[in-house]
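Input: a single structure, listed below in C-alpha cells.
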Amino acid sequence: MATVTLQIDGRTVTVPKGTNLVDAGKQAGVFVPHFCYHPGLPVVGVCRICLLEIEGRPKLVAGCATPAEEGMKIITRSAKVKEARRAVMEFLLIHHPLDCPMCDKGGECTLQDYTVAMGPAASRFRFEKTTWPEEDVGGKLVLNKNRCILCLRCVNLCKDVAGVEEIAVLSRGEETYIGTIGDRKIENELAGNIADICPVGALTSKDFRFKSRPWELKNEPSICTLCAKGCNTVVGYHPRRREVLRITARENMDVNQWWICDRGRGQFRAIHAPDRLQGPSRRTEGKVQPVAWNAAIAAIAEALRGVLARGGPGAVGVIASAELTNEELYLTKTIFRDGLGIQNVDAPERSQSPVVYPKFTIEGDRNPNTRGARAIGVAPGTGGRTVRDMIQAASEGQVQALVFLRGGPLDTFGDPATVSRALDRAALVIVLDTHASPVAEKAHWVLAGATHVEKDGTYTNSAGRVQRVHRIFSISPESREDWRVIQDLGVALGVLPERAAEAEQVFARLAASTPAFSGMTYASVGDQGAPLTAASADVAVG
Amino acid sequence: MAGANGNVLTKIVHLPGSETIDVYRANGGYVALPEALKKSSDDLIDMVKRSGLRGRGGAGFPAGTKWGFVPKGTNKPVYLCVNADESEPGAFKDRLICAKDPHQLIEGTLISCFAIGSSRAYIYIRGEFAAEARILNAAIEEARRAGFIGKNILGSGWDCEVSVYRGAGAYICGEETGLIESIEGKRGQPRLKPPFPAVVGLFGCPTVVNNVETIACVPHIVTRGWEWFAGIGTERNTGPKLFGLSGHVNKPGVYEAPMGTNLRTLIEEFGGGVPGGRPVKAVIPGGASCPVLRGDEIDIPMDFDSLTRAGSLFGTGTPVIMDDTVCMVRAAWITARFFAHESCGQCTPCREGAGWLQRLLWRIETGEGEEKDIDTLLSVTDQIEGNTICALGDAAAWPARGFAKKFRDEFLQHIREKRCPFGGGSHS
Ligand SMILES: Cc1cc2nc3c(=O)[nH]c(=O)nc-3n(C[C@H](O)[C@H](O)[C@H](O)COP(=O)(O)O)c2cc1C
Ligand code: SF4
Ligand code: SF4
Ligand code: FES
C-alpha cells in the first residue's frame with residue numbers, strides 16, 4: 001500500500017495514501033476535533049471545527065477534507081487554529097438552548113465535551129435565539145432542532161448507508177434545518193444508528209428517552225444474536241436497576257463497521273420481557289410447578305435414561321438450536337451424540353428474506369450460530385433423523401423423547417399440526433429456553449436458560465468469525481447459563497466426567513477437539529472476534 | 001470591426017433585432033467559429049492564455065490557465081458551464097449580453113467548447129431572467145438551423161450541443177460548484193474543493209465554468225488576435241470590460257471601456273455624475289461583496305490588482321454609487337441581510353456568522369447598539385473569513401468589515417445619538 005509520511009505538531013507519522021488529516025492526527029496521537037466527519041460517511045466538511053494549519057499555506061484547511069501528503073507539516077496548536085476552533089464553537093452555540101441538564105445526550109455529547117475543551121466561556125450573542133418545537137420523525141427518534149448543529153450525519157446515514165432520502169436538509173442560511181419531507185417519516189431499519197452518531201442531543205432514541213443519564217450505565221461489549229451477521233454491540237446496563245436500557249453499535253470493521261439494525265437495537269426489550277422463564281418447572285396433568293434445579297436435572301436424567309433403556313438411542317431426538325453458543329453446541333454434541341450415541345441430533349433453520357441496504361445487510365438467517373453448529377457437527381449422525389423426521393417420528397410414536405434446546409412457535413420445527421401431535425404423543429418433552437413459547441407450553445419439563453447478555457460464550461457468524469459474549473448480569477437467580485444446564489445434564493447422565501468451572505474451559509476443549517477452532521482461545525478471540533482456524537473445514541462432520 | 005465608439009462586446013446591442021442571427025452575422029458574427037475550428041485545441045488555449053483574459057465572474061482567474069487544467073486525453077465527456085446566474089446586487093452586465101447579443105455568447109460558447117474538447121455546454125441562467133432565457137433559447141435554435149450547433153458543425157466532424165438551464169432563484173447557484181450541483185438536480189450548495197471542477201465537475205466529469213462576459217470575449221480574441229486583446233487595458237488586466245453603473249448616477253447602465261478605466265471617469269463621464277451634483281460618499285466597486293470605498297478613494301483604475309491593493313475587490317466591475325444621503329449602517333445592513341439570506345447554510349461560520357452580522361447591524365441602525373457591538377462585528381467577520389467552503393462566507397464578511405472600518409464614525413454616531421442620523425431604522 002502506498003504511504004505518505006508527514007509531521008503533525010512535530011510528530012512524524014506514516015499513513016496510507018488518501019488518509020485525511022483527522023485520521024492521520026489520530027494515528028499520530030494528535031486529536032483533531034470533528035463533528036461532521038465520520039469515517040463511515042461521505043466527507044461533507046461543513047462544521048469547520050477541524051480547521052488546521054499547514055505550514056506554508058495562508059488559509060486554514062478542513063482536516064477532514066484534506067488528504068495527507070508527503071512532507072506536509074501540520075500545526076494544530078497555533079493561536080490561529082485555537083481561535084478558529086473557539087470561533088466555530090461560539091457560532092454553534094449562539095442559538096443552542098444550553099439545556100444539557102435535561103438532554104439525553106448530556107454526558108456523551110461531543111458539543112458539550114468540546115465546549116469544555118475549547119469553547120468560549122461566555123457568548124457575545126445578545127439576541128433572541130431561534131427556537132423550534134420538538135418533533136417525532138419516525139424511526140424511533142425524536143428530533144430537537146434547537147440542539148442540531150447541522151453536521152448532516154443523519155442525512156448522509158440515510159442517504160449513503162440505507163440508500164433512502166427520508167431526512168433532508170431544508171431551507172437555507174440560518175433558517176436551515178433538518179427534517180423529514182412532508183408527512184413522511186423515517187422508516188429504514190438503520191435509523192437507530194443516527195442516535196449513536198448525532199454528535200448532539202438533536203436526534204435521540206425514543207426508547208432511551210429520559211431513562212437514565214449515560215454515565216449511570218455500565219457499557220459492556222457484546223454482539224447481536226438476531227441474525228447470522230453478528231453485529232458488535234455495546235450493552236448499556238444499569239447496575240442499580242439491574243436492567244439493560246439500550247443496545248448501541250460497536251465498531252468492527254470486519255463485521256458491521258459502525259452500524260447495527262433497529263431490530264438488534266430493540267433486543268434489550270426481549271431481555272426483560274414479562275414472558276421470560278424464571279426457573280425449572282414441571283408440567284403434570286396440565287399443572288405447572290416450579291422445581292429446584294438439582295431435582296429437575298436428576299429427574300430429567302432419569303427419565304431420559306428410562307427412554308434410552310426401553311427404546312435405545314433411536315427413541316430420543318435432540319433438537320438443538322443454532323441460537324446457542326459454540327460452547328453449548330459443543331457440549332450438546334459431546335453429551336448426546338458422542339456420549340449417549342444418539343444419532344437424532346439436529347437444529348432447525350430459521351430464515352426470512354434478507355434486508356439489503358446499499359452498505360448494510362440484515363441477513364436472512366435468523367440464527368446467530370449456524371456456522372458454529374455446522375463446524376461443531378450438530379447434525380444428524382449415521383442413520384440419524386433431521387428435525388422434520390424427528391417430529392414426524394415422534395408424531396408416529398417411534399421417537400418417544402424430544403429434547404428441545406430452544407423452543408419457539410410450532411412452525412419452527414415443521415408443519416404445526418404434526419409438531420403439535422408429536423408434542424402430545426411423546427412420553428418426554430424437555431425444553432430449555434429463555435422465553436415462554438407454544439412448544440414450551442406443551443413440554444413436561446421446562447428449563448430456564450440465559451440470553452446472550454447473561455452468559456459467557458462465543459458465536460460463529462455467517463462469515464466464520466468467532467465472537468464473544470459476556471455474562472453481564474443475570475436476570476433472575478433461577479435462570480442459568482445454558483452451557484451449565486447442558487453440562488449438568490451430561491454429568492447426571494454419566495457421560496461427562498467433570499464440570500468445567502467457566503465457559504472458557506469448555507471453549508478450550510472445543511478448540512482442542514474441533515479442527516475449525518484449533519488454536520483459538522478467548523484471548524485470541526478478543527473483543528473483535530477471530531476467523532475460524534480452518535474456515536474451509538467447517539462442513540458438517542457426518 | 002469595432003462599433004462606432006470602438007465598442008466590441010456591446011457593438012450591436014443598440015441595434016434593432018440585435019438578438020437575431022441575421023443582425024449578428026451582418027455585423028461580423030460567426031466569423032470566429034469557422035476560424036477557430038481550423039485551429040488546434042492547444043493553439044486556442046494558448047491564444048486565450050496570451051490574451052491575458054481574466055475571468056469576469058469576480059475572481060479574475062486567467063481563463064486560458066483554467067482551460068489548461070482539463071486533463072488531456074480524458075475518456076470522460078468534458079462539459080462547459082456558462083455562468084449566467086448574475087445575482088449579486090449591483091451586477092447586471094451579463095444580462096445585457098444574454099438579452100441583446102445572445103449569439104455572441106453562443107459563438108463564444110462553441111469556440112470555448114472546441115478549445116477544451118467539449119461537446120456539451122450548459123448556459124446556467126438565473127431563474128428570474130425568464131425573458132433572457134427565452135431569447136437565448138430562440139438564438140440557440142437559430143444557430144442550430146444555421147449549422148453552428150449539432151452534429152458535424154461546419155463539416156468539421158465535431159459535434160456540440162448547447163442548452164439553457166434555468167436556476168430557481170438562489171445566489172449560491174452562481175458559485176461554480178453550487179451551479180454544478182444545481183444542474184445535476186441537487187440542492188444548490190457548493191462542493192468541497194479540491195477536486196476542482198476542471199477535474200471532477202458536472203456528473204463527475206471535467207468541467208469548465210466561465211462567466212458570460214468571459215466567454216463573450218473569446219470570439220474577438222480569435223478574430224482580432226491575442227495581441228489586440230492584450231493591448232487593451234493595464235498590465236495583467238487586459239481587454240475590454242463591461243462596467244455596470246448603478247445607484248446615484250445620472251445615467252445608470254452598462255458601459256464598455258478598457259480594463260483599468262478610472263472609477264471617477266466612469267462615474268463622471270459615463271455615468272454623467274451624481275444627480276444634483278451631490279458628493280460621492282461611497283462606492284461599492286464591484287458588486288455587493290466588495291468592500292466599500294470612500295468618496296475620496298475613487299481615483300483608482302478599475303481592475304483586479306488596483307482594487308485588491310486598495311483593500312477592496314474588483315469583483316464583477318459593477319460600481320454602486322452612493323451620495324451623501326445614504327446611511328452607511330443601513331447600506332451595510334442591507335448587504336448583510338442579502339448574504340445571510342443567500343448563505344446555503346452548510347458551513348457553520350457562514351450560516352451563523354452572516355445572521356449574527358445582520359442582527360448587529362440592525363441593532364446599531366435602530367439606535368440600540370453599543371460600542372462593543374462594533375468590536376463584536378469586526379471579530380465575527382474575522383471568524384468567518386477564510387474559514388468556509390466557498391467565498392460566500394468571505395462575501396458576507398468583507399462588506400460588513402469594510403463599512404464598519406471606513407465609516408466607523410458614522411457607526412459611532414448611531415450609537416451615541418441612539419438613532420439613525422438619516423432617519424432610518426425601520427424595515428423596508
Ligand atoms: C457566492 C458566489 C456567487 C457567485 N456568483 C456568480 C455569478 O452569478 N456569475 C458568475 O459568473 N460567477 C459567479 N461566481 C464566481 C464563480 O464561482 C466562478 O468563479 C466563475 O463563474 C468563473 O468564471 P470566470 O472565471 O469566467 O470568472 C460566484 C461565486 C461565489 C462565491
Ligand atoms: S440532527 Fe444530529 S446528526 Fe442530524 S444534522 Fe443535526 S446534529 Fe447532525
Ligand atoms: S460559505 Fe456559506 S454559502 Fe458557501 S458553502 Fe459555506 S455556508 Fe454555503
Ligand atoms: S469535521 Fe471537518 S468540517 Fe466537520
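What you are looking at is a predicted structure, and each value in this text was computed from that prediction instead of being measured. Only heavy atoms go into these numbers, but all of them, side chains included; no hydrogens, no water, no symmetry mates.
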Looking at [X], I'd like to know if its [atom1] atom is crowded, meaning that more than 12 non-hydrogen atoms belonging to other residues, nucleotides or ligands lie closer than 6.0 Å.
X	atom1	result
Lys129(A)	NZ	yes
Lys17(A)	NZ	no
Lys418(B)	NZ	no
Glu371(B)	CD	no
Glu128(A)	CD	no
Arg236(B)	CZ	no
Lys159(A)	NZ	no
Lys185(A)	NZ	yes

Salt bridge (Lys or Arg N to Asp or Glu O under 4.0 Å) between Arg126(A) and Asp373(B), worked out: CA-CA 10 Å; Arg126(A) 300 188 294 124; Asp373(B) 288 334; 2.9 Å; yes

Heavy-atom side-chain contact between Trp356(B) and Glu90(A) under 4.5 Å: yes

Does any heavy atom of chain A fall under 4.5 Å from the side chain of [X], the backbone, both, or neither of them?
X	answer
Arg187(B)	side chain
Ala354(B)	neither
Ile389(B)	both
Leu360(B)	both

Out of Gly386(B), Cys347(B), Gly355(B), Pro349(B), return the one with the most heavy atom pairs under 4.5 angstrom to chain A.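 Greatest number of close heavy-atom pairs with chain A: Pro349(B).
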
Looking at Arg363(B), Glu342(B), Gln358(B), which has the largest count of heavy-atom pairs under 4.5 Å with chain A?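 The option with the most such pairs is Arg363(B).
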
Nearest atoms (heavy-atom pairs only) where Arg48(A) meets Leu192(B):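 Closest approach of Arg48(A) to Leu192(B): NH1-CD2, 4.2 Å.
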
Report which part of Val44(A) has an atom under 4.5 Å of a heavy atom belonging to chain B: side chain, backbone, both, or neither.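 Answer is backbone: N, CA, C or O of Val44(A) sit under 4.5 Å from chain B.
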
Please check this pair: side chain of Thr348(B) against backbone of Cys47(A), looking for a donor-acceptor N/O pair closer than 3.5 Å.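 At least one qualifying donor-acceptor pair exists.
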
CG (Asn387(B)) and CZ (Arg85(A)) are apart, to the nearest 0.5 Å, by 12.5 Å

Given the options Thr66(A), Ile49(A), Leu51(A), which has more heavy-atom pairs under 4.5 Å with chain B than any of the others? Leu51(A)

Distance under 6.0 Å and angle within 45° of ring axis: Arg351(B) vs Phe91(A): no

Of Ile149(A), Val88(A), Leu93(A), Ile94(A), the residue whose pairing with Glu352(B) passes side-chain contact (heavy atoms from CB on, under 4.5 Å):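 Option passing the side-chain contact (heavy atoms from CB on, under 4.5 Å) with Glu352(B): Ile94(A).
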
Members of residues 165-183 of chain A whose heavy atoms come closer than 4.5 Å to chain B: Val169(A), Leu170(A), Ser171(A), Arg172(A), Gly173(A), Glu174(A), Thr176(A)

